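From a predicted model like this one, the values you see are computed outputs, not experimental measurements.
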Amino acid sequence: MSETAERESSVSTGGRELRADCARCFGLCCVAPAFSASADFAIDKPAGQPCPNLRPDSRCGIHRDLRERGFPGCTVFDCFGAGQQVAQVTFGGRDWRADPVTAQRMFDTFAVMRPLHELLWYLTEALTLTPAGVLRDDLARALDETERLTEGSPEELIALDVDAYRGRVNALLSRAAERARAGRDGADRRGAVLIGVDLRRANLSGANLRGACLIGADLRGVDLGRADLTGADLRGADLRGADLSGCLFLHQSQLDAARGDHRTVLPATLRRPAHWYLNLTPARPGRPGRRHR
C-alpha cells in the first residue's frame, strides 16, 4: 500500500484512476503477491495469503509505521488503480473473503490488470509528449486497446499473454521517448547497472535511462531534463538538489523509493515524499513491475 494510496489520485484516463484508491479495493496487493523477508519486507508471505497486518476492513493495521516496522516495500508499491478496477468492476464489488474460488480468480486477474494499468499510465504520459501525427495516432490506438483489455472478464484477462502485449506497447513507448529526447544528444545508458555509482559529474540531460539500475546512485545536483526514466530503479538513489522537472516517464512510486530534499526540483504532477524530511533509510519498492527496456 503506497503512502499516497489511501486517497484517490487525480491521474486518470477516460475517468479511470491510475493510482491506488484502497478504499475501493479489498487489500489485493496485501494478499495476491508473494514477498520474502528482506530490506523491503520484515517477513515471508506466500502468494494468496493475507499479510498479517491486513485488517478485516481491508486497511493496513500498521500503515503509519510501515517503514519503522520493516515494510518500506509496501510504502512505494503502486497498482496504478488496478486494485479498485478488479474489485469494483471486474468482480462487481465481490470480496475475495466471501468465496475461496472467487479469491483465486481475483488474485490471478490482479496479476494481469496491474501491468495493464501501468501501461495505461505510460501511454497517457506519452500522448502528452507527442505532437499530432502517425506516432500519436498509434499511441492513441494502443491506449484504446489497453483500456478495452482492462474491461474484459476474469477469464479473458487471465488468458491474456500480458508479457507479450507489454512488449509490443513498450516498443511504441520507446519511440515516443526517443522523439521527446530528440536534439538532446544524451547518453545511452539503457539497462545500465549503476548501483552506487557517483554520477554527479555525468551529463544525463536527455539520457536514455530506460530500465537502468540506479540503486543507491549519487545523483545530487544532476540535471535530468528530458532523461527517459522509464522503469529506472531509483531505490535509495540520492536526488538531493537534482532537477527532475523535465524528465520523462517518472512516476510517483519511483520518487517515493529515492531520497531527496527541498532543493530537488520535481515535475508539477508529482509530490515531494514526506519521508524525505524524516531522515529515514530510503524505501525500496516491493514487487515492482518488470523493467521497461
Side-chain angles (χ1 to χ4, degrees), residues 2 38-40 72-73 75-78 80 114-115 118-119 121-126 129 163 166-261 264-267 269-270 273 276 281-293:
S2 75
S38 63
D40 295 330
T75 69
V76 297
F77 179 82
D78 191 345
F80 294 90
R114 195 271 178 184
E118 184 179 26
L119 287 176
W121 184 89
Y122 278 110
L123 286 164
T124 302
E125 287 290 300
L129 298 169
D163 289 335
R166 179 163 44 189
R168 293 195 297 273
V169 176
N170 278 343
L172 192 59
L173 291 169
S174 183
R175 286 171 53 201
E178 289 298 316
R179 179 170 187 139
R181 293 172 50 242
R184 289 297 183 102
D185 196 28
D188 187 356
R189 308 305 296 271
R190 180 171 180 161
V193 178
L194 300 166
I195 299 173
V197 174
D198 185 345
L199 297 169
R200 286 176 293 174
R201 293 180 177 81
N203 179 11
L204 295 179
S205 175
N208 184 351
L209 294 168
R210 292 175 68 86
C213 186
L214 292 159
I215 297 173
D218 191 344
L219 292 159
R220 285 177 292 172
V222 173
D223 178 7
L224 289 163
R226 288 292 160 176
D228 180 4
L229 292 170
T230 305
D233 192 338
L234 295 174
R235 289 178 287 177
D238 193 341
L239 300 174
R240 288 177 292 176
D243 187 350
L244 301 165
S245 59
C247 64
L248 309 176
F249 300 118
L250 176 71
H251 57 73
Q252 187 67 44
S253 62
Q254 287 173 294
L255 202 60
D256 290 344
R259 59 183 301 197
D261 61 14
T264 307
V265 184
L266 303 181
T269 56
L270 300 181
W276 283 8
T281 301
R284 299 174 64 189
R287 294 185 62 80
R290 180 174 300 188
R291 290 184 196 164
H292 296 255
R293 295 186 176 179

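For the atom pair CG (Leu209) and CG (Asp233), the distance works out to 12.0 Å, reported to the nearest 0.5 Å. For the atom pair CG of Leu173 and CD of Glu125, the computed distance is 10.5 Å after rounding to the nearest 0.5 Å. Between atom CG of residue Leu219 and atom OG1 of residue Thr264 there is a gap of 10.5 Å, rounded to the nearest 0.5 Å. With rounding to the nearest 0.5 angstrom, the CG atom of Leu229 is 7.5 Å from the CG atom of Leu214. Remark: Asp228 CG to Arg189 CZ distance equals 14.5 Å, nearest 0.5 Å.
Remark: side-chain polar atoms of Trp121 are not paired, donor with acceptor, to backbone N or O of His251 under 3.5 angstrom.
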Exercise. Go through the steps for Leu199 and Leu194 under the test side-chain contact (heavy atoms from CB on, under 4.5 Å), then give the verdict.
Key: CA-CA 9 Å; Leu199 297 169; Leu194 300 166; 4.3 Å; yes

Quiz prompt | Pair Phe80-Leu119, side-chain contact (heavy atoms from CB on, under 4.5 Å): steps then yes or no | solution = CA-CA 9 Å; Phe80 294 90; Leu119 287 176; over 6 Å; no

Quiz prompt | Derivation of the side-chain contact (heavy atoms from CB on, under 4.5 Å) call for Phe249 and Leu129 | solution = CA-CA 10 Å; Phe249 300 118; Leu129 298 169; 3.9 Å; yes

Exercise. Test side-chain contact (heavy atoms from CB on, under 4.5 Å) on Leu250 and Leu255 and set out the steps.
Key: CA-CA 8 Å; Leu250 176 71; Leu255 202 60; 4.2 Å; yes

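Annotation: side chain of Asp223 is not in contact with side chain of Asn203 (no heavy-atom distance under 4.5 Å). Proximity of Arg220 to Leu239: side-chain heavy atoms (C-beta onward) are nowhere separated by under 4.5 Å. Using a 4.5 Å heavy-atom cutoff, the side chains of Phe77 and Arg114 are in contact. The shortest side-chain heavy-atom distance between Pro273 and Arg259 does not fall under the 4.5 Å cut-off. Annotation: side chain of Val222 is not in contact with side chain of Asp243 (no heavy-atom distance under 4.5 Å).
Not counting sequence neighbours, the partners of Arg181 by the salt bridge (Lys or Arg N to Asp or Glu O under 4.0 Å) test are Glu178. Checked against salt bridge (Lys or Arg N to Asp or Glu O under 4.0 Å), Asp198 has the following partners two or more places apart in sequence or in another chain: Arg200.
Here the shortest heavy-atom pairing between Ala39 and Pro72 reads O-CG, 3.2 Å.
Using a cut-off of 4.0 Å between Lys/Arg side-chain N and Asp/Glu carboxylate O, Arg190 and Asp188 are scored as not salt-bridged.
A donor-acceptor contact closer than 3.5 angstrom links the side chains of Arg184 and Ser205.
Of the residues listed (Asp256, Val76, Asp40, Ile195), the one engaging Arg235 in a side chain to side chain contact (heavy atoms under 4.5 Å, CB included) is Asp40, and it is the only one.
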